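Heads up: the structure comes next, in structure tokens.
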Amino acid sequence: MKPVTQIENLKGRYVVLRSSLNLPVADGVVTNEYRLKKALPTMRYLSEAGARIIVLGHIGRKPEETLKPVFDVLQNYLPVQWGGVIGGDECVKRREMMQDGDILMVENTRQHEGETVSDPEFAKQIAELGEVFVNDAFAVAHRSHASTTGVAALLPSYGGLTLLQEIQKLSAVMKPTSPSLFIIGGAKFETKMPLVEKYLNVYNHTFIGGALVNDVLKAKGFEVGTSLVSDVSLEGASFLDDPKLLMPVDLVVDGGTTGRRTCDIDQVQSDEAILDVGPKTVAMLRDYIQKAATILWNGPFGNYEGGYVEATEAVAKLIAESGAQSVVGGGDTVAAIEKLGINDQFTHVSTGGGAMLQFLENGTLPVIDSII
Ligand code: 3PG
């Protein structure tokens, strides 16, 4: 992929920059700035080279969502102007007024109907904002949208610094040094099954946590009560008997007559839901983590948003202290690491959730293919 550093004569040129700006927002306030901080190096590089940068990104899935809260935070790091919606009067006017090195941030690309369907007309409208396109948005690199792959077909296109770093760091753990440990949590086996099957063959051990465990337990004939399960059934899946597959040995459950409690995996009651893994499981993982040379982790162990954070945070600390080559990703996993302030103790903290998983599965992504 052509890196942004290969663009010649940046001074005075209009550059369309696609960044990962979809930060978590609660009550109009950004709650985690990690992705934005990773978007800064490419913005700074282009600005210092004298480019006139039009930054675009999406946020959320509803068209009415706005990037304004992200803009407010970005102003704390860089001088940046607000351009409003792409194609609007404000956008046209502000763009004309730009000086070398200026940054103009425009509104959520998903406010336009053409974005997610990759409408060529909308891609053209974006392309007309600049002379060169830089894609630095790894978190959305698995989406073929107008502002990602669409515009790349219309302008000379380059990879941003964070996109390139993600590819390099994730590629490295696709061929791990032994002993290696792959940890996968979160939910939705329907999207993660191919990855689990692939990494069982690549890593020495694969631990399944999060709501994915519920599917495994169910397929193995255990009671899972009212736990969240995936749309797919794992019954008969051959990987369930793979000796490299590690399972929790205890669970945190709630909802039954006894309330929140910790129990062994064969003691879940029909009116209880599995919400986290228990302390014996964390202790079991400690041994594998301390011996590992490579650790790859995506997805929390428990219902993180519901406050079941204990095991996820305990494992995050163990990995941070382990000295292993460690690559982690996924929104809730990164939130846990940020909360603990231990980012720097990991080899790489990915900005991607779905994009990270898809890259690990296929070794490429639509956005990467669009730039090469
Ligand atoms: C993410 O937040 O993981 C990506 O940016 C993708 O967002 P999307 O799932 O709404 O497309």
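Worth knowing before you read on, the calculation uses all heavy atoms, side chains too, and leaves out hydrogens, waters and symmetry mates. Counting starts at 1 for both ligands and their atoms, in listed order. Throughout, residue positions are numbered sequentially from 1 according to the sequence presented. All figures in this text were calculated on a predicted structure; none of them were measured in a lab.
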Exercise for the section: Under 4.0 Å from a heavy atom of R110: give me the atoms of ligand 1 that qualify, with their elements. Expected result: 8 (P), 10 (O), 11 (O)
Practice task
For ligand 1, find out whether one of its N or O atoms is nearer than 3.5 Å to an N or O atom of H145.
Solution key: no
Fill in the blank from the handout: When distances are taken from atom 5 (O) of ligand 1, the protein heavy atom at minimum range is N22 ND2, 2.4 Å
Practice task
Flag the pair F301 / F207 as yes when their ring centroid distance falls below 6.0 Å, and as no otherwise.
Solution key: yes
Fill in the blank from the handout: For R61, the ligand 1 atoms with a heavy-atom partner under 4.0 Å come out as 8 (P), 9 (O), 10 (O)
Fill in the blank from the handout: Ranking H142, R143, R35 by closest non-hydrogen atom to atom 1 (C) of ligand 1, top hit is R35
Exercise for the section: Could you list all the side-chain hydrogen bond (donor to acceptor under 3.5 Å, both in side chains) pairs where at least one residue sits in residues 297-311, not counting sequence neighbours? Expected result: D254-Y308
Residues 190-200, side-chain donor-acceptor partners within the protein, below 3.5 Å, at least two apart:
| unit_1 | atom_1 | unit_2 | atom_2 | d |
| --- | --- | --- | --- | --- |
| E190 | OE1 | D231 | N | 3.4 |
| T191 | OG1 | K188 | O | 3.0 |
| K192 | NZ | G185 | O | 2.9 |
| K192 | NZ | A187 | O | 3.1 |
| K198 | NZ | L360 | O | 3.3 |
| K198 | NZ | E361 | O | 2.9 |
| Y199 | OH | L360 | O | 2.8 |

Exercise for the section: Using a strict cut-off of less than 4.0 Å between a Lys/Arg side-chain nitrogen and an Asp/Glu carboxylate oxygen, indicate whether E128 and K124 qualify as a salt bridge. Expected result: yes
Handout entry: Note: R52-D102 ion pair, threshold 4.0 Å (strictly below)
Key = no
Handout entry: Short side-chain donor-acceptor distance under 3.5 Å, E272 and T226
Key = no
Exercise for the section: May I ask you to identify the nearest protein heavy atom to atom 4 (C) of ligand 1, giving residue, atom name and distance to one decimal place in Å? Expected result: A139 O, 3.0 Å
Handout entry: Atoms in ligand 1 with a heavy atom of H58 nearer than 4.0 Å
Key = 5 (O), 7 (O)
